[in-house]
Number of protein chains: 2
Amino acid sequence: MSQSFTEENYLKAIYKLSRRSDKGVSTNALAERMETKASSVTDMLKKLAAKKLVNYEKYQGVTLSKKGQQIAVDIIRKHRLWEVFLLEHLGFSGEEVHQVAEELEHINSETLIDRLDKFLGYPKYDPHGGPIPDSKGVFPEPKRVKLDELEVGRKTKVMGITEHSDAFLSHLKKLGLELGTNFHLKERFDFDRSVEIELNGKTVQLSYDVAKNIFVSHNS
Amino acid sequence: MSQSFTEENYLKAIYKLSRRSDKGVSTNALAERMETKASSVTDMLKKLAAKKLVNYEKYQGVTLSKKGQQIAVDIIRKHRLWEVFLLEHLGFSGEEVHQVAEELEHINSETLIDRLDKFLGYPKYDPHGGPIPDSKGVFPEPKRVKLDELEVGRKTKVMGITEHSDAFLSHLKKLGLELGTNFHLKERFDFDRSVEIELNGKTVQLSYDVAKNIFVSHNS
DNA sequence: ATCTATTTTTAGACTTATCTAAATATTAGT
DNA sequence: ACTAATATTTAGATAAGTCTAAAAATAGAT
Ligand SMILES: [Mn+2]
Ligand SMILES: [Mn+2]
Ligand SMILES: [Mn+2]
Ligand SMILES: [Mn+2]
């Protein structure tokens, strides 16, 4: 089965919005992202559901099916590979790139994208650090960043620590943080570089001394 | 104003079909080329006429307006530049290339195509000898080839001669060949390198001695 | 010049993607 | 629990591109 550009853009949008909350994506969030009306979104969700690309129940939000997710990941692969090409080989810069990649990502040829991948030397990250899935849809190991450098708003995961004292370890435990814990970076306060995170519904404050010793994933 | 993929494909088809007859292109010819129905063609011609991209009067066939021609030539430029990229840089071959270029030609970014042109070194011909118009829509001088070297199956045109005797000139005249005459190279016979061409519906044989003295265009 | 075959256009219908306005369901505040 | 605000869905329209079947125009052949 084949998808229209529009369907592909919806699938990608659902994928991206899903990464910041494990509940289904709301109709309005999708409408805002797609710059369209909620009613149009409802129409499209019905169609995608009929094609078994999403799980959708009215009023309950939407999630991607296995198949829908595969397609979304493939579009992201194409988008990022084209961005690498545009930036590294054609000398593009900044926002221009994204707009053009937004169209190129829908060109439908497996041969094309696999050869482009080879031509580019199988890059693992696009120029903004976004990970590029391989032709099987597998993402590379996420880049690690210290929590004090992570962009505010990111959903992330504890990947490691750089301080191993008992005091630090027990402090983390009390906060509910351990290797693999997923959380959301809500805010960073300039005056002391402390951060506010949300994990499992709880809001927690971390001082700069804590944040600078935690490695977190930089993907998604 | 912007065009849909479909409109662009129609404009390109009209352009190509126009090159072998100075009358308007017929609805049926277009329908066959576009692999669609005559009624669909009529619908589209009305729309293109409303946009002033074609000159159309019912039952009289269609020709491109100045603006329509500019668009068609630009699509051809994009198509051929992408084909050069696919063949020379991604290692594509043959028919694969054409199908992918058929989609890439509709990506809408002047910056993209001009940078691609630069990246490719401003090629003047695609790998099959098709001339590539520049960013102003100007085609390069067509390549000239001796008729005895032209690929069988080509449609071509007399571009010059390398023998100027009265005997040769009158022979050409009798055959119906003169500067600018369009014809179709149907066959070449190995044993004496003579060729069979078709011009204005007539089939004509030319000996190797004649063929080797005629320059023909190598584009189209 | 008339009739016939072919080409082209029209009429009416369908699909996809969109919209506005109205109806309905959910959520949040009291 | 009730009500008000918000979110979502439905109903009904529109525009693009296509199709089939039927009507109309043109071209070809006697
Ligand atoms: Mn991008
Ligand atoms: Mn896109
Ligand atoms: Mn081609
Ligand atoms: Mn095309």
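For clarity, every value in this text was computed on a predicted model and none was experimentally measured. Reminder, nothing fancy here: chain letters follow the sequence lines and each chain counts from 1.
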* **Side-chain donor-acceptor pair present, B:Ser217, B:Thr156, cut-off under 3.5 Å** => yes

* **Nearest-angstrom distance from the residue atom CG of B:Asn28 to P of D:dA25** => 18 Å

* To do: Indicate yes or no: does A:Asp114 engage A:Arg77 in a salt bridge with an N to O separation below 4.0 Å.
  => yes

* With a non-hydrogen cut-off below 4.0 angstrom, is A:Ser40 in contact with a base, only sugar-phosphate, or nothing? -> base

* **Nearest-Å distance for atom pair CG/C1', residues B:Asp43 and D:dA15** => 13 Å

* Proximity to the side chain of A:Tyr59 - top-ranked nucleotide from C:dT26, C:dT9, D:dC19 -> C:dT26

* To do: For B:Glu32 and C:dT8, give me the distance from atom CD to atom C1', rounded to whole Å.
  => 16 Å

* Parallel, tilted or perpendicular: ring planes of A:Phe85 versus B:Phe85, cut at 30 and 60 degrees -> tilted

* From the list D:dT10, C:dT9, C:dT24, which nucleotide is the closest neighbour of the side chain of A:Lys58? -> D:dT10

* Would you mind reading off the distance between A:Met44 atom CE and D:dT9 atom P, rounded to a whole angstrom? => 14 Å

* To do: In whole angstrom, give the distance that lies between atom NZ of A:Lys46 and atom C1' of C:dT15.
  => 16 Å

* To do: Please figure out whether B:Gly61 or A:Thr6 has its closest DNA chain C nucleotide nearer the 5' end.
  => B:Gly61

* Between the side chains of B:Asp126 and B:His79, does any donor sit under 3.5 Å from an acceptor? -> no

* Can you tell me the distance, in whole Å, between the OH atom of A:Tyr56 and the C1' atom of D:dT8? => 7 Å

* To do: Calculate the interatomic distance between B:Lys23 atom NZ and C:dT7 atom C1'; express it in whole Å.
  => 13 Å

* Asked: Taking OP1 and OP2 of D:dT18, is either one under 4.0 Å from a side-chain nitrogen or oxygen of B:Tyr10?
  -> yes

* To do: When you get a sec, tell me which of D:dT8, C:dT9, C:dC19 is the closest nucleotide to the side chain of A:Thr42?
  => D:dT8

* Structure fact -> Picking from C:dT9, D:dT8, C:dT18, the nucleotide nearest the side-chain atoms of A:Thr36 would be C:dT18

* Would you tell me whether B:Ser26 and B:Asn28 have side-chain atoms, one donor and one acceptor, within less than 3.5 Å of each other? => no

* Measure from CZ on A:Phe5 to P on D:dA16 and round the result to the nearest Å. => 19 Å

* Asked: Under 4.0 Å between a side-chain N/O of B:Ser39 and OP1 or OP2 of C:dT10, yes or no?
  -> no

* Structure fact -> Closest of C:dT20, D:dA7, D:dT20 to the A:Lys37 side chain is C:dT20

